[in-house]
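Below is one structure; the comments refer to it alone.
No hydrogens, no waters, no symmetry mates; every other heavy atom, side chains included, goes into these values. The chain is numbered in sequence order, starting from 1.
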Amino acid sequence: MAAAPTAPPPASADDEIVYESMPCIRIYKNRVERYFGSEFVAASTDAATGVASHDRVISPNVSARLYLPRLDDSAAIATAEAEAKFPVLVYYHGGGFCLGSAFNPTFHAYFNTFAALANALVVSVEYRLAPEHPVPAAYADSWEALAWVAGHAGGEGDEAWLVDHADFSRLYLGGESAGSNIAHHMAMRVAEEGLPHGAKIRGLVMIHPYFLGTNKVDSDDLDPAVRESLGSLWRVMCPTTTGEDDPLINPLVDGAPALDALACDRVLVCIGEGDVLRDRGRAYYDRLTSSGWRGEAEIWQAPEKGHTFHLLEPHCDAAIEQDKVISGFLNR
């Protein structure tokens, strides 16, 4: 279960607060104080699942933690190790573009469990956070990570796990919240630019996507204060934005790149019934399926649950079911 944020100190009187979402973050005009999501846990082999993890530096700005499922314990272990191939999930963590880390205990625990369940090789990306590195820095870093992964599709590269165990015919992108937003934009960029070795994205996993818009949707009223805060957050994360109808945060707005160009064959959208962003995710699914895009899309809703509930309550029935849905999606 995700650790509760520690009690933050009182606000400083000598600096202007630009944005705060307590008890997680307080952004001043001249500095940022994070109280949640930046904790570090080392890569390891998980005793419960046998999933191994290790960290890679991709560039000065970008790194990743990779998770490899337990290899087959057979008499011919050397042969099994050489031949075992897994679907690859390139994953972007959420946190409103300003919180979270691929190396924190929450995501580490989540992927030790999920990689075992899905029997998938996970590449959890560490990108630069706003506001120190305003959006679109997160998109640039995320693209660099995806290109690095795809650079191994030709059978060579500097990461042995990707060379030896990645099935690039089953390459997926995914993320939750802001990470889901990033995954969408990566799939759109693939349509424009392609990937090394002609690698293709098979599918996209969109968990509680962070999309906004000036148009009102019913789920806005689930928690008007949270909804207002999400709008304010976006404007701080992306100072050059035109607002909530910027195509970066509203891919459905007139003038945004057409969804029929989305560069994958399959999309799974997961939403929570109690999430203020619920109907933004549903609208994304509806627009995609009516856009002329030739892939297959599905949507799954967690009854009564709120935003990123699966990270806060990883052992609840809905979180377990959501993981099974995603696992099934990756393995079909």
Query - Donor-acceptor contact below 3.5 Å, side chain E273 vs main chain E304 - result: yes
Query - Any donor-acceptor N/O pair, S232 side chain to E228 backbone, under 3.5 Å - result: yes
Query raised in the report: So, D246 versus W234: side-chain donor-acceptor pair below 3.5 Å or not?
Result: no
Query raised in the report: What closest approach, in Å, do M237 and A130 show between heavy atoms, and which atom pair accounts for it?
Result: SD-CB, 3.5 Å
Query raised in the report: So, do V88 and R170 sit near enough that their side-chain heavy atoms are less than 4.5 Å apart?
Result: no
Query - Close side-chain approach of L233 and S21, heavy atoms under 4.5 Å - result: no
Query raised in the report: Within a strict 4.5 Å, meaning less than it, do heavy atoms of the S219 and L277 side chains meet?
Result: no
**Report entry** Identified salt bridge (Lys or Arg N to Asp or Glu O under 4.0 Å) counterpart of D221 within the set R278, K216, R227
**Finding:** K216
Query raised in the report: If you round to the nearest 0.5 Å, how far is CZ of R287 from CG of L252?
Result: 4.5 Å
Requested in this report: Report yes or no: does T241 contribute a side-chain atom to a donor-acceptor pair with the main-chain N or O of C238 at less than 3.5 Å?
Outcome: no
Query raised in the report: Checking side-chain contact (heavy atoms from CB on, under 4.5 Å) for the pair F211/M206: CA distance, chi angles, key distance, verdict?
Result: CA-CA 11 Å; F211 295 138; M206 306 281 285; 3.7 Å; yes
Report summary line: Rounding to 0.5 Å, atoms CG (L311) and CD (E313) come to a distance of 10.5 Å
Report task. Please confirm whether the backbone N or O of A319 pairs with a side-chain atom of K305, one donor and one acceptor, at under 3.5 Å? Result -> no
Report task. Side-chain contact test, heavy atoms from C-beta onward, threshold under 4.5 Å: evaluate it for S180 versus I207 and give yes or no. Result -> no
Query - R266 charged N/C atom sitting above F329 aromatic ring, 6.0 Å / 45° - result: yes
Requested in this report: Using the rule that two of Ile, Leu, Val, Met, Phe, Trp, Tyr join whenever any of their side-chain heavy atoms come within less than 4.5 Å, decide whether V276 and I299 are in one cluster.
Outcome: yes
**Report entry** Atom pair CD1/CG of I201 and L173 - distance to nearest 0.5 Å
**Finding:** 4.0 Å
Query - Ring centre gap for H208 and F309 strictly below 6.0 Å - result: yes
**Report entry** Pair H184, Y284: side-chain N/O donor-acceptor within cut-off below 3.5 Å
**Finding:** yes
Report task. Could you tell me whether the side chain of H197 and the main chain of G151 form a donor-acceptor pair under 3.5 Å? Result -> yes
Query raised in the report: Taking W293 for the side chain and C264 for the main chain, is one N or O donor matched with an acceptor at less than 3.5 Å?
Result: yes
Query raised in the report: Are any side-chain N or O atoms of S142 and backbone N or O atoms of A138, one a donor and one an acceptor, separated by less than 3.5 Å?
Result: yes
Query raised in the report: Name the one of D141, I182, V190 that satisfies side chain to side chain contact (heavy atoms under 4.5 Å, CB included) with L146?
Result: V190
**Report entry** Check: G37 main-chain N/O paired with N104 side-chain donor or acceptor under 3.5 Å
**Finding:** yes
Query raised in the report: Going from OH on Y92 to CD on E176, what distance comes out if it is rounded to the nearest 0.5 angstrom?
Result: 13.5 Å
Report task. Kindly work out whether a path of hydrophobic side-chain contacts (I/L/V/M/F/W/Y, heavy atoms less than 4.5 Å apart) joins Y139 to V90. Result -> yes
Query raised in the report: Looking at side-chain heavy atoms only, is the closest gap between R70 and V51 below 4.5 Å?
Result: no
Query raised in the report: Of the non-hydrogen atoms in A199 and A150, which two are nearest, and what is the gap between them?
Result: CB-CB, 3.9 Å
Query raised in the report: With the threshold set at 4.0 Å, does a side-chain nitrogen-carboxylate oxygen contact exist between D220 and R280?
Result: yes
Query raised in the report: Is there a chain of hydrophobic side chains (I, L, V, M, F, W, Y, each step under 4.5 Å between heavy atoms) that links V135 to V32?
Result: yes
Query raised in the report: side-chain contact (heavy atoms from CB on, under 4.5 Å) between R65 and V122: does it pass, once the steps are laid out?
Result: CA-CA 8 Å; R65 177 162 293 179; V122 178; over 6 Å; no
Query raised in the report: Going from CD1 on I326 to CZ on F114, what distance comes out if it is rounded to the nearest 0.5 angstrom?
Result: 5.5 Å
Query raised in the report: Is the gap between the ring centers of W143 and H185 under 6.0 Å?
Result: no
Report task. With sequence neighbours excluded, tell me which residues meet salt bridge (Lys or Arg N to Asp or Glu O under 4.0 Å) with R202. Result -> none
Requested in this report: With H93 as reference, evaluate Y127, Y210, F111 under the ring pair (Phe, Tyr, Trp, His ring centres under 6.0 Å) test and give the passing residue.
Outcome: Y127
Requested in this report: May I ask you to test the L71-H165 pair for a side-chain heavy-atom distance under 4.5 Å?
Outcome: yes
**Report entry** Validation row: E244, N250 side chains within 4.5 angstrom (heavy atoms)
**Finding:** no
Requested in this report: Compare every heavy atom of A263 with every heavy atom of A187, then report the nearest pair and how far apart it is.
Outcome: O-CB, 3.2 Å
Query raised in the report: With distance as the sole test, does S327 use its side chain to make a donor-acceptor pair with the main-chain N or O of K324 at under 3.5 Å?
Result: no
Requested in this report: Begin with the C-alpha distance, continue with both residues' side-chain angles, and end with the deciding distance and a verdict on ring-ring contact (aromatic ring centres under 6.0 Å, His included) for Y110 and H310.
Outcome: CA-CA 9 Å; Y110 178 75; H310 59 293; 5.7 Å; yes
Query raised in the report: In terms of hydrophobic clusters joined by side-chain contacts under 4.5 Å, are L129 and V41 together?
Result: no
Query raised in the report: Would a 4.5 Å heavy-atom cut-off, applied to side chains only, mark L204 and V269 as touching?
Result: no
Report task. I would like to know whether H54 and E159 meet side chain to side chain donor-acceptor pair (under 3.5 Å); could you show each step before the answer? Result -> CA-CA 11 Å; H54 74 240; E159 174 47 59; 2.9 Å; yes
**Report entry** Geometric cation-pi criterion R282 and Y285, 6.0 Å radius, 45° cone
**Finding:** no
Report task. For the residue pair H307 and S177, confirm or rule out a side-chain donor-acceptor distance under 3.5 Å. Result -> yes
Report summary line: So CG of D275 and OG1 of T308: to nearest 0.5 Å the spacing works out to 8.0 Å
Requested in this report: Before giving the answer on side chain to side chain donor-acceptor pair (under 3.5 Å), spell out for D245 and T214 the whole-Å C-alpha distance, their side-chain angles and the decisive distance to 0.1 Å.
Outcome: CA-CA 6 Å; D245 285 334; T214 56; 2.5 Å; yes
Requested in this report: Test F86 against N119 for side-chain contact (heavy atoms from CB on, under 4.5 Å), laying out the working first.
Outcome: CA-CA 7 Å; F86 304 101; N119 213 30; 3.5 Å; yes
Report task. Look at the side chain of E126 and the backbone N and O of A64, then say whether any donor-acceptor pair between them is shorter than 3.5 Å. Result -> no
Query raised in the report: Taking atom types as modelled, is there a side-chain donor on S169 or D167 under 3.5 Å from an acceptor on the other?
Result: yes
Query - Donor + acceptor pair across side chains of E39, H108 (<3.5 Å) - result: no
Report task. Give the intermediate values and the outcome of side-chain contact (heavy atoms from CB on, under 4.5 Å) for residues L288 and V267. Result -> CA-CA 9 Å; L288 180 64; V267 171; 3.8 Å; yes
Report summary line: What one should report as the nearest heavy-atom pair of V62 and A145 is CG1-CB, 3.9 Å
Report task. Run through the side-chain heavy atoms of Ile, Leu, Val, Met, Phe, Trp and Tyr, join any pair under 4.5 Å, and report what else lands in F103's cluster. Result -> F40
